[in-house]
Amino acid sequence: MSIGLTRLREEPDRVRQGAIDKGEEAAIVDRALELDGRRRQLLAEGDALRAERNSASRRIGEAVREGARPDGPEVAALKRASSEAGARIAALDGELATVGAELDELLLRIPNPADPDVPVGGEEANEVVRTWGDRLRREEPTWTRRPHWEVAERLGMLDLERGAKITGSGFPVYRGHGAALQRALIDWFLAVHTGENGMTEIWPPAVVNAASARGTGQIPDKEELMYVVPRDDLYLVPTAEVPVTNLHRDEIFEAGSLPVRYAAYTPCFRREAGAAGKETRGILRVHQFDKVEMVLFEQPADSRAALEWLTERGEILLRRLGLAYRVLLLATREMGFVQARKYDLEVWAPGVERWLEVSSCSDFGDYQARRMAIRYRPEPGAKPVLVHTLNGSGLALPRTVAAILESYQQADGSLVVPEVLRPYLGTARIEPPA
RNA sequence: GGAGAGGUCGCCUAGUGGCCUAGGGCGCCGCACUGGAAAUGCGGUAUGGGGCAACCCAUCGGGGGUUCAAAUCCCCCCCUCUCCGCCA
């Protein structure tokens, strides 16, 4: 990810303030401006020298064609001029490489400024935009709700122990109705997205190359987050965002072709190094999980409205599942480096009595698109401009499953199946094995 | 995995060190001709960077090298196709 040089030059104050709001040093902005000036100067000098060298070489060709001796004095003089320019170019290129490297490194540290109305601060500044549904209580009048892992183990839907045996902790095994529930959710989510939401379904590779990992910023920003296959220089995807956004890397959308909206299911692999303990009981935080992700490519002017629409696509799923949830507008230091605006969807899990993040919907502005060179031609024949990219979960499965298990469990130990999933599961109620 | 053939402008293609500052065709855009169109003719049709501009620079799958000069020669890598092997 990086900030655009044009934007840096045109609104340095906004960029500087944006960096401060996200907890970065403002001084890097000024240093970057300085280096940018030096770089442009070097480029101009280098280009002039290249022009000189090119014309000298061209004249050698012409002279030889017109009968000059290739080893004669005229040609020798031209050769000398050309070599000399070449030597100076090499020197300038050396300095340019140094300046460019420092500049690139600085640019990587300048965050995408948040939208003006995003609250400034950390977690305490997050804003609850809206809440839907009634929160169930753990303590019912005549019984107590169990946490999801107990519900699931008792119903034979989940086997964490054997998952740990065959792979490691954080790799859950779903079985029976538990496995079917995974499949049902994925299928239903995609049906909604490709149907009423008009998205195109993508079924991408779950493993990507280094260029793709770099495109969405997993390298170098979040390299420790990913599982790596070093022998083949490949990376297991931490989210479908990576392969799906990279679909259009180095491409130009022709006029009239936007928006392009995708929905994609992939398994997601995250190392989650250092995350262990009570907060991660059950399937709240695992190394492999399933997720349907929505990825949008929009015209710049449309991205803000598209984010509201995108967030609503996630909310609709929760409402139809009958799960209480809230929408958070994340504050500047919570939203991350690359987002201009970000909403989190949190579902209520009555068994553990916690809000669980099941979706994160972000507008990246042109920040991602710049790194991947994804552009759009506003009019036929016009100069391409960077597109705006957005993505949002719709939805991540494990915590959605946890909320379903905890919300729909019954006093007798059975589980009522949410109505929208009954056609997929073929039953309205799951009973404990006899 | 082995052998061979390829990767050039949106698409097809020419191109074996300097008239390549990449030619031609198709498609597309504009203009002319037409009542309107077809056909035809003329012109234009990549991306990024720099410059007020004329214009300049970079890019022929990617990277490195040889040379005054590389689409062209050399090395490494990637991808596609054909055949063989293996295989859910």
Side-chain angles (χ1 to χ4, degrees), chain A residues 2-10 32-97 99-101 103-104 107 203-215 219 229-235 243 246-258 260 267 366-387:
Chain A
S2 81
I3 196 84
L5 283 169
T6 312
R7 183 161 188 199
L8 189 64
R9 287 173 205 147
E10 281 170 4
L33 279 166
E34 191 184 320
L35 287 169
D36 173 47
R38 178 64 187 145
R39 185 175 150 274
R40 277 200 282 179
Q41 192 187 343
L42 288 168
L43 280 174
E45 280 178 43
D47 279 359
L49 283 168
R50 267 179 250 274
E52 220 174 274
R53 183 185 61 182
N54 289 348
S55 86
S57 285
R58 216 173 295 139
R59 285 205 303 276
I60 294 174
E62 282 163 14
V64 171
R65 220 174 306 128
E66 283 161 16
R69 293 230 317 274
D71 53 353
E74 188 193 351
V75 167
L78 284 167
K79 281 190 184 183
R80 209 161 32 246
S82 182
S83 314
E84 206 175 291
R88 288 168 63 203
I89 289 167
L92 282 178
D93 281 351
E95 188 181 349
L96 189 62
V99 171
L103 180 58
D104 288 345
L107 290 178
W203 196 284
V207 181
V208 295
N209 58 29
S212 295
R214 206 170 294 117
I219 306 176
V229 186
R231 186 177 179 129
D232 300 295
D233 198 17
L234 294 173
Y235 300 79
N246 272 285
L247 239 32
H248 295 293
R249 172 154 49 89
D250 297 317
E251 291 185 11
I252 299 171
F253 289 102
E254 287 308 321
S257 62
L258 293 183
V260 167
D366 64 9
Y367 213 73
Q368 246 187 359
R370 178 170 301 103
R371 187 171 203 157
M372 280 188 269
I374 307 175
R375 290 159 294 173
Y376 169 67
R377 212 181 294 284
E379 301 290 335
K383 280 278 172 197
V385 297
L386 292 167
V387 301

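Naming: A, B, ... by sequence-line order, numbering from 1 per chain.
A distance of 9.0 Å separates OH of A:Tyr367 from CZ of A:Arg7, quoted to the nearest 0.5 Å. Interatomic distance, CG of A:Leu5 versus CD of A:Glu10, reported as 11.0 Å (0.5 Å rounding). Taking CD1 of A:Ile374 as the reference point, atom CD1 of A:Ile252 lies at 11.5 Å (rounded to 0.5 Å).
Atom C1' of nucleotide B:rG62 and atom CG of A:Asp233 are separated by 14 Å, given to the nearest angstrom. The separation between A:Asn209 atom CG and B:rG62 atom C1' is 12 Å, rounded to whole Å. A:Asp250 has its CG atom 17 Å from the P atom of B:rU59, to the nearest Å. Separating the CZ atom of A:Arg50 from the C1' atom of B:rU59 is a distance of 12 Å, rounded to the nearest angstrom. A:Glu254 places its CD atom 18 Å from the P atom of B:rG27, with the value rounded to the nearest Å. Taking atom CG on A:Leu42 and atom P on B:rA58, their separation rounds to 16 Å, with Å as the unit. We find that CD of A:Glu62 is positioned 9 Å from P of B:rC19, with the value rounded to whole Å.
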Produce the list of close N/O pairs, under 3.5 Å, pairing protein atoms with atoms of nucleotides 67-70 of chain B; give distances to one decimal.
| from | atom 1 | to | atom 2 | distance (Å) |
| --- | --- | --- | --- | --- |
| B:rC68 | O2' | A:Ser57 | OG | 3.2 |
| B:rC68 | O2' | A:Ser82 | OG | 2.0 |
| B:rA69 | O4' | A:Ser57 | OG | 3.1 |

Might you list the N or O atoms of the protein lying below 3.5 Å from N or O atoms in nucleotides 73-80 of chain B, with each pair's distance?
none

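Proximity of A:Val385 to A:Pro378: side-chain heavy atoms (C-beta onward) are separated by under 4.5 Å at one or more points. Inter-residue side-chain proximity for A:Val208 and A:Asn246 is flagged as unmet; no heavy-atom pair is nearer than 4.5 Å. At a threshold of 4.5 Å between non-hydrogen side-chain atoms, the residues A:Leu107 and A:Leu8 count as touching.
Using P as the reference atom, B:rC9 and B:rC77 are 25 Å apart when rounded to the nearest Å. Taking atom P in both B:rG25 and B:rG44, one finds a spacing of 13 Å when rounded to whole Å. Look at the C1' atom in both B:rU16 and B:rC86: the space between them is 39 Å, to the nearest Å. Separating the P atom of B:rG30 from that of B:rU82 is a span of 41 Å, rounded to the nearest Å. Taking atom P in both B:rC19 and B:rG24, one finds a spacing of 16 Å when rounded to whole Å. The C1' atoms of B:rG10 and B:rA3 are separated by 34 Å, rounded to the nearest whole Å. One C1' atom belongs to B:rG17, the other to B:rG27, and the distance between them is 34 Å to the nearest Å. B:rC60 and B:rU8 have their P atoms separated by 12 Å, given to the nearest Å.
Within the structure, the salt bridge (Lys or Arg N to Asp or Glu O under 4.0 Å) test picks out the following pairs touching residues 376-386 of chain A (sequence neighbours left out): A:Glu254-A:Arg377.
Regarding contacts with the backbone of B:rC57, a side-chain N or O of A:Asn54 is found under 4.0 angstrom from either OP1 or OP2.
Across every strand in view, B:rU80 sits in a pair with B:rA5 that passes the Watson-Crick or G-U test at under 3.5 angstrom. For B:rG30, the paired base is B:rC42 (Watson-Crick or G-U wobble, both distances below 3.5 Å). Judged by Watson-Crick or G-U wobble contacts below 3.5 Å, the nucleotide B:rU47 has B:rA58 as its partner. The partner of B:rG23 is B:rU13, by the rule that a Watson-Crick or G-U pair needs both atom distances under 3.5 Å. Across all strands shown, nothing is found opposite B:rA71 as a Watson-Crick or G-U wobble partner with both distances under 3.5 Å.
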Atom pairs and distances, donor-acceptor, side-chain atoms in residues 77-92 of chain A, under 3.5 Å, two or more places apart:
| from | atom 1 | to | atom 2 | distance (Å) |
| --- | --- | --- | --- | --- |
| A:Ser83 | OG | A:Lys79 | O | 2.8 |

Under 3.5 Å, which donor-acceptor pairs link side chains of residues 32-48 of chain A to any protein atom two or more places apart or in another chain?
| from | atom 1 | to | atom 2 | distance (Å) |
| --- | --- | --- | --- | --- |
| A:Glu34 | OE2 | A:Arg31 | NH1 | 2.9 |
| A:Asp36 | OD1 | A:Arg9 | NH2 | 3.1 |
| A:Asp36 | OD2 | A:Arg9 | NE | 2.7 |
| A:Asp36 | OD2 | A:Arg9 | NH2 | 3.4 |
| A:Arg38 | NE | A:Glu95 | OE2 | 3.0 |
| A:Arg38 | NH1 | A:Gln41 | OE1 | 3.2 |
| A:Arg38 | NH2 | A:Glu95 | OE1 | 3.1 |
| A:Arg38 | NH2 | A:Glu95 | OE2 | 2.6 |

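In this structure, A:Tyr235 contributes its side chain and A:Pro230 its backbone to no donor-acceptor pair below 3.5 Å.
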Quiz item: What is the per-nucleotide protein-contact pattern of nucleotides 45-52 of chain B, from the 5' end, where B denotes a base atom under 4.0 Å from a protein heavy atom, S denotes such proximity for sugar-phosphate atoms only, and - denotes neither?
Solution: --SSBS--

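Minimum heavy-atom separation, A:Pro243 to A:Pro204: CB-CB, 3.8 Å.
Side-chain contact annotation: A:Asn209 with A:Ser212, donor-acceptor N/O pair under 3.5 Å present.
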